[in-house]
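Read the structure below first, then the notes.
Order of the sequence lines sets the chain letters (A, B, ...), proteins ahead of strands, with each chain counted from 1.
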There are 2 protein chains.
Amino acid sequence: MSDVGRLAGVSAQTVSRFLTGKGYVHDETRVRIQAAIEELGYRPNRIARSLHIARTDTIGLLSAGVMNYGAAQTLAGMSARAQATDSTLITAHVSDSADHDPEVARALERMLSMQVDGIVVTARYGDFGRILGETVREEVPVVIIAGRPLQLQDSAGADSYEAGMLAMQHLLQLGHRRIAYLSGPADSDESRERQRAYEDALAAVSLPVAPIIVGGEWNSAAGYEAGLAHDLRDVSAVFCGNDELALGFLAAARRRGISVPHDISVVGVDDMPEARFFAPPLTTVRFDFAALGERAFDMIRRRVETGLRQEHLVLPAELIVRESTAPPARAHRRAR
Amino acid sequence: MSDVGRLAGVSAQTVSRFLTGKGYVHDETRVRIQAAIEELGYRPNRIARSLHIARTDTIGLLSAGVMNYGAAQTLAGMSARAQATDSTLITAHVSDSADHDPEVARALERMLSMQVDGIVVTARYGDFGRILGETVREEVPVVIIAGRPLQLQDSAGADSYEAGMLAMQHLLQLGHRRIAYLSGPADSDESRERQRAYEDALAAVSLPVAPIIVGGEWNSAAGYEAGLAHDLRDVSAVFCGNDELALGFLAAARRRGISVPHDISVVGVDDMPEARFFAPPLTTVRFDFAALGERAFDMIRRRVETGLRQEHLVLPAELIVRESTAPPARAHRRAR
DNA sequence: CACCAATGTGTGAACGATAACCTACTGCTC
DNA sequence: GAGCAGTAGGTTATCGTTCACACATTGGTG
């Protein structure tokens with residue numbers, strides 16, 4: 001910066017004023033400084049700046065688990081807002097592994113020592129709270145992307161419960177009476193919320209819950225295995241925790257000669273871009289994950305600037321009816 | 001740091017020695033310093049450190065276009081290596097938009113002003129080189145993830161040409177003679193390399209190239225549109241630029257009553273986890289994108305440390321034969 | 001014509017850390 | 001017992017920037 005000043009015939013301080021826009025700089029001086037900057041190819045050093053002002057305009061994003069459609073879109077949305085606000089996004093993705101917790105803790109420590117202004121976390125399981133408490137210790141604000149509102153922290157998330165309700169109401173309206181739930185990971189809030197909606201929706205019309213089919217993972221392989229392993233004779237519809245599980249389930253049904261939607265209706269959640277092209281095209285519940293990322297970013301920034309705690313931000317769900325659902329065949333209606 | 005020193009009865013410098021491991025610190029002093037660190041909850045400030053040592057252990061990842069399976073896995077792989085080497089990953093994802101180029105330039109500028117040690121770029125189109133030249137100007141090393149080796153920069157990438165060859169040889173061995181290529185974006189190196197392999201493979205056995213089917217995007221919707229729009233009567237196999245295009249194409253074929261693989265064989269590229277569960281399960285060419293991200297990260301780090309320019313790193317492709325390919329039906333063999 | 005506000009610029013200290021340099025003590029060797 | 005290597009720790013300057021403050025000039029006002 002002092003090189004620029006020297007070339008422009010002023011002090012470094014005046015260059016700083018020019019760049020930050022604070023204080024008076026003569027118009028002619030501005031021109032000379034601008035010329036000097038370009039001639040020298042000078043680029044301000046943000047970390048030196050941050051050292052002084054104790055703010056980095058940097059947000060950390062910690063994601064865990066599988067980098068699937070939703071996570072990737074959320075990341076893209078956050079990045080878009082970071083670009084737009086001239087902020088920097090630091091990401092750490094820790095996949096499921098043996099010693100998951102210490103890795104998460106280390107990633108958080110690293111972000112903090114990089115002086116991030118705030119952190120957004122996509123929480124896969126509830127115990128995240130403990131690690132956050134131990135490492136972040138209120139040093140910077142945290143926003144958690146979670147399946148349900150959290151009391152202790154700001155949170156944002158897709159409305160998994162509503163998604164479950166929309167899916168179930170659709171199936172119930174079609175006339176289904178024996179509906180199964182194909183779950184995601186047992187420790188996932190999203191999966192649990194969808195299951196809770198599943199149970200509530202059935203209870204509301206006094207129908208029994210079918211045994212939960214445990215997928216265990218958010219992927220197609222889990223849906224396929226579950227679809228093969230399970231006795232589906234007295235079930236006329238399956239509500240799948242997400243689209244990938246649904247895809248696997250569709251493949252299993254095809255292999256077993258079960259026709260969708262004639263024999264069994266299938267509903268997913270997410271509306272990944274591929275869902276429209278499944279066989280048959282999948283009825284599902286859409287979330288706008290990119291918007292979730294954008295909102296989460298704005299939320300953490302606002303929190304950084306105002307310090308005000310905010311509510312749980314809920315991303316609306318939208319039912320997308322395609323061809324994987326239909327009224328139950330007669331055999332099933334009788335089976336009830 | 002001086003607070004820690006004061007509490008431990010030493011100077012800040014000794015605390016620094018303790019933390020960096022350089023120089024002698026008495027064992028008893030170590031214990032006192034460690035205790036002071038824990039009592040105060042002290043955490044070293046990496047950016048202050050960086051200011052002095054002129055190194056941030058930070059790598060920037062710039063990705064462009066759609067955040068699909070490959071891009072997400074590459075990111076996850078890079079993040080994994082960043083964790084393992086105690087480095088920080090700064091990401092910027094710029095989606096296709098009206099003024100794409102200035103956005104890319106701004107993202108790069110931001111990374112440079114954050115003093116990244118190096119940058120990894122997933123280049124969607126060739127003109128990236130110009131922007132890189134204008135903004136990065138050799139200030140830090142750059143590794144480009146590209147569909148083909150680049151002369152001017154270090155590069156890494158999936159071997160798209162080999163992928164194309166594997167797919168085509170598979171189809172040719174099955175006896176197909178009229179094979180079409182369903183392309184991705186026209187400005188994508190990956191798509192062009194796959195097309196080049198397609199043309200070379202046909203030329204090698206003196207077969208004519210079928211008119212190229214232009215998908216235009218790397219997504220299922222493009223594959224679907226193309227699959228509906230195109231006259232496929234004299235084609236017995238389609239080589240799709242990636243799995244998503246293939247999924248869309250499969251859906252279009254189903255809608256048109258074209259049976260896969262009986263009437264038409266379909267091959268994709270990527271082997272996304274869902275491909276195994278398409279209807280029918282997709283024959284495709286697998287890439288290990290997570291490994292690509294890992295290798296690209298190691299490459300940029302090595303380049304930062306040694307300054308040595310490296311070769312183009314090529315990620316091998318592996319043919320995965322499933323049920324979307326079969327020998328051509330008799331009608332087609334005669335049509336030749 | 002002295003005074004004041006507005007404008008324009010420079011000086012020194014500080015942000016949190018590290019490196020170079022310096023001091024001091026111990027124990028061993030010749 | 002002088003010299004030296006090894007150990008332990010303090011002092012000072014510095015990285016690139018910003019802030020608080022001081023200073024200088026201008027033009028208008030009472």
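Taking a cutoff of 4.0 Å between a charged side-chain nitrogen and a carboxylate oxygen, B:R130 and B:E134 qualify as a salt bridge. A salt bridge links B:D117 with B:R301: the distance from a Lys NZ or Arg NE/NH1/NH2 to an Asp or Glu carboxylate oxygen falls below 4.0 Å. Checked for salt-bridge contact, B:D298 and B:R295 miss the test: no charged N lies under 4.0 Å from a carboxylate O. Remark: A:R46 engages A:D86 in a salt bridge, criterion side-chain N to carboxylate O under 4.0 Å.
Look at CE on B:M114: it is 14 Å from C1' on D:dG16, rounded to the nearest Å. With rounding to whole Å, B:F18 atom CZ is found 14 Å from D:dA8 atom P. The nearest whole Å value for the distance from the CG atom in A:N45 to the P atom in D:dT18 is 10 Å. The nearest whole Å value for the distance from the NZ atom in A:K22 to the P atom in C:dA6 is 20 Å. When the C1' atom of D:dG9 is taken as reference, atom CG of B:D27 falls 15 Å away, rounded to whole Å. Rounded to a whole Å, the CZ atom of A:R32 is 7 Å from the P atom of C:dT9.
When the local axes at the two ends of the helix from C:dC1-D:dG30 to C:dC30-D:dG1 are compared, using 5 base pairs at each end, they differ in direction by 60° after rounding to 10°.
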How far apart are the C-alpha atoms of A:D159 and A:L315, what are their side-chain angles, what is the distance that settles it, and do they pass the side-chain contact (heavy atoms from CB on, under 4.5 Å) test?
CA-CA 6 Å; A:D159 194 339; A:L315 199 74; 5.8 Å; no
After noting the C-alpha distance and the side-chain angles of B:R43 and A:Q115, does the key distance pass the side-chain contact (heavy atoms from CB on, under 4.5 Å) rule?
CA-CA 10 Å; B:R43 193 191 318 278; A:Q115 312 299 114; 5.9 Å; no
Would A:T91 and A:L89 count as a side-chain contact (heavy atoms from CB on, under 4.5 Å) if you check the C-alpha gap in whole Å, the side-chain angles of each, and the deciding distance to 0.1 Å?
CA-CA 6 Å; A:T91 56; A:L89 191 65; 4.1 Å; yes
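Residue contacts shown for A:S2 are absent, as no nucleic acid heavy atom lies under 4.0 Å away.
Residues from residues 47-59 of chain B with heavy atoms under 4.0 angstrom of DNA chain C, sorted by number: B:A48, B:R49, B:L51, B:H52, B:I53. Within residues 4-16 of chain A, the residues that have a heavy atom under 4.0 Å from DNA chain D are, in order of number, A:Q13, A:S16.
Counting heavy atoms from C-beta outward, A:D154 and A:I144 have side chains that stay 4.5 Å or more apart. For the pair B:T56/B:T88, no side-chain contact is recorded, criterion being any heavy-atom separation below 4.5 Å from C-beta on.
Distance from the side chain of B:Y24 is smallest to D:dT7 among C:dG16, D:dT7, C:dT9.
Toward the 5′ end of DNA chain D lies the nearest nucleotide of B:V25, the other residue of the pair A:L19 and B:V25 mapping further downstream. Nearer the 5' end of DNA chain C, as judged by each residue's closest nucleotide, is the contact made by B:R43, out of B:R43 and B:R17.
Checked by atom type and distance alone, the side chain of B:S2 never pairs as donor or acceptor with a backbone atom of B:G5 at under 3.5 Å.
Checked options B:R30, B:R32, B:E38; the residue passing with B:Q34 is B:E38 (criterion: side-chain hydrogen bond (donor to acceptor under 3.5 Å, both in side chains)).
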